[in-house]
Amino acid sequence: MKRINENFFKLSANELAPKLLGKILCRRFDDGSVRKARIIETECYMGEIDSASHAYKGKTERNKIMFERGGVAYVYLCYGIHFLFNIVSGEAGSPEGVLIRGVEGAVGPGNVTRYFGIDKTFYGEDLKISNILWIEDDGAQPQINYKKRIGINYAKEIDQNRLWRFIAKDI
DNA sequence: AAAGTGATCATG
DNA sequence: ATGATCACTTTG
């Protein structure tokens with residue numbers, strides 16, 4: 001069981017997203033308790049070349065953290081109700097990210113953040129050094145199903161059709 | 001099938 | 001300043 005290092009998060013989001021499947025998301029709560037769950041579903045968002053990405057139209061107040069070096073959290077409120085948790089990936093200046101859509105015990109991006117108590121205060125949290133939110137690797141390497149991404153009807157058709165949603169088989 | 005909810009961004 | 005738009009969940 002080892003904590004994921006910096007080089008891992010420097011991968012492009014389309015490489016990082018499938019590799020995050022099987023990794024273990026870990027959260028230490030205020031009372032000291034720790035919750036861990038294996039990641040089973042992710043999507044990648046490829047920055048300036050991807051019309052589905054928040055970073056497609058350049059840097060804004062909301063998405064500026066995506067332009068940082070990989071390994072920090074991008075959290076934002078969706079539909080007024082749900083926080084969505086992304087892991088920024090790639091080098092600085094390359095605004096890519098991986099949306100965590102599901103873990104064992106909490107499927108659905110809004111449910112993941114609720115399960116882990118992730119809210120806007122985690123915006124920019126550095127998973128490489130944080131002691132309240134981090135990722136471990138126990139060597140598991142699940143088989144992967146490739147699907148289209150969800151909820152991006154505003155994007156160009158070519159981007160809607162990319163198989164950038166990654167789901168672990170046999171959980 | 002459709003509401004519920006509020007930050008965010010583009011427009012004026 | 002205002003309004004349309006959302007990387008969704010739950011309920012009926």
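Each chain gets a letter, A, B and so on, in the order its sequence line appears, and its residues count up from 1. The figures that follow rest on heavy atoms only: side chains count, while hydrogens, waters and symmetry mates do not.
- Not one N or O on the side chain of A:Asn161 forms a donor-acceptor pair closer than 3.5 Å with the backbone of A:Lys148.
- Nucleotide B:dT5 forms a pair with no other nucleotide shown, judged by Watson-Crick or G-U wobble geometry with both contacts under 3.5 Å.
- Under 4.0 angstrom from either OP1 or OP2 of B:dA7 there lies no side-chain N or O belonging to A:Arg62.
- Each of A:Lys23, A:Lys36, A:Lys2 was compared with A:Glu136 under the salt bridge (charged side-chain N to carboxylate O under 4.0 Å, His left out) criterion, and only A:Lys36 meets it.
- Put simply, CH2 on A:Trp164 is 14 Å from C1' on C:dA7, counting in whole angstrom units.
- Closest approach of A:Ala37 and A:Glu104 over heavy atoms only: CB-O, 3.6 Å.
- Annotation: proximity of residues 16-27 of chain A to DNA chain C (heavy atom, distance under 4.0 Å) is found for no residue.
- Of all heavy-atom pairs between A:Leu25 and A:Leu133, the closest is CD1-CD1, 4.1 Å.
- Contact check, A:Asn111 against C:dT10: a side-chain N or O comes under 4.0 Å of OP1 or OP2.
- Of all nucleotides listed (C:dT10, C:dA7, B:dA7), C:dT10 comes nearest to the side chain of A:Arg114.
- Side-chain atoms of A:Ser130 never come within 3.5 Å of backbone atoms of A:Leu127 as a donor-acceptor pair (strictly under, hydrogens ignored).
- In this structure, A:Tyr154 contributes its side chain and A:Ala52 its backbone to a donor-acceptor pair below 3.5 Å.
- Within the 4.5 Å cutoff, no side-chain heavy atoms of A:Asp159 are placed close to those of A:Tyr56.
- As a whole-Å value, the separation of A:Ile118 CD1 from C:dA7 C1' is 15 Å.
- Straight-line distance between the P atoms of B:dA1 and C:dA7: roughly 22 Å, to the nearest whole Å.
- Between the CG atom of A:Asp119 and the P atom of B:dG6 there is a distance of 15 Å, given to the nearest Å.
- A:Arg149 comes within contact range of no nucleotide atom at all, as no heavy-atom separation falls under 4.0 Å.
- Counting to the nearest Å, the P atom of B:dC9 and the NZ atom of A:Lys59 are 13 Å from each other.
- Summarising the geometry of A:Gly58 relative to A:Phe67, their closest heavy-atom pair is C-CZ, 3.9 Å, with the distance given to 0.1 Å.
- The pairing partner recorded for C:dA7 is none, the criterion being a Watson-Crick or G-U wobble arrangement whose two distances lie under 3.5 angstrom.
- Checked against the 6.0 Å centroid threshold, A:Phe166 and A:Tyr146 count as a close aromatic pair.
- Taking the ring centre of A:Tyr76 as origin, the terminal cationic atom of A:Arg62 falls inside the region bounded by 6.0 Å and 45° from the ring axis.
- Among the atoms of the strands shown, none is found under 4.0 Å from any heavy atom of A:Arg165.
- What separates CG of A:Asn63 from P of B:dC9 is a distance of 7 Å, to the nearest Å.
- Note: OH (A:Tyr123) to C1' (B:dT8) measures 12 Å, nearest angstrom.
- Here B:dC9 presents its P atom at 11 Å from OH of A:Tyr76, a figure rounded to the nearest Å.
- In this structure, A:Lys120 reaches the B:dT8 phosphate: one of its side-chain N or O atoms is under 4.0 Å from OP1 or OP2.
- Where A:Asn153 and A:Pro109 each meet DNA chain C at their nearest nucleotide, the meeting point lying more 5' is that of A:Asn153.
- Of the residues in residues 77-86 of chain A, those placing a heavy atom less than 4.0 Å from an atom of DNA chain C are A:Tyr79, A:His82, A:Leu84, A:Asn86, in numerical order.
- Set against C:dT10, C:dA7, B:dA7, the side chain of A:His54 has C:dA7 as its closest nucleotide.
- Nucleotide C:dA7 holds its P atom 18 Å from the CD atom of A:Glu96, rounded to whole Å.
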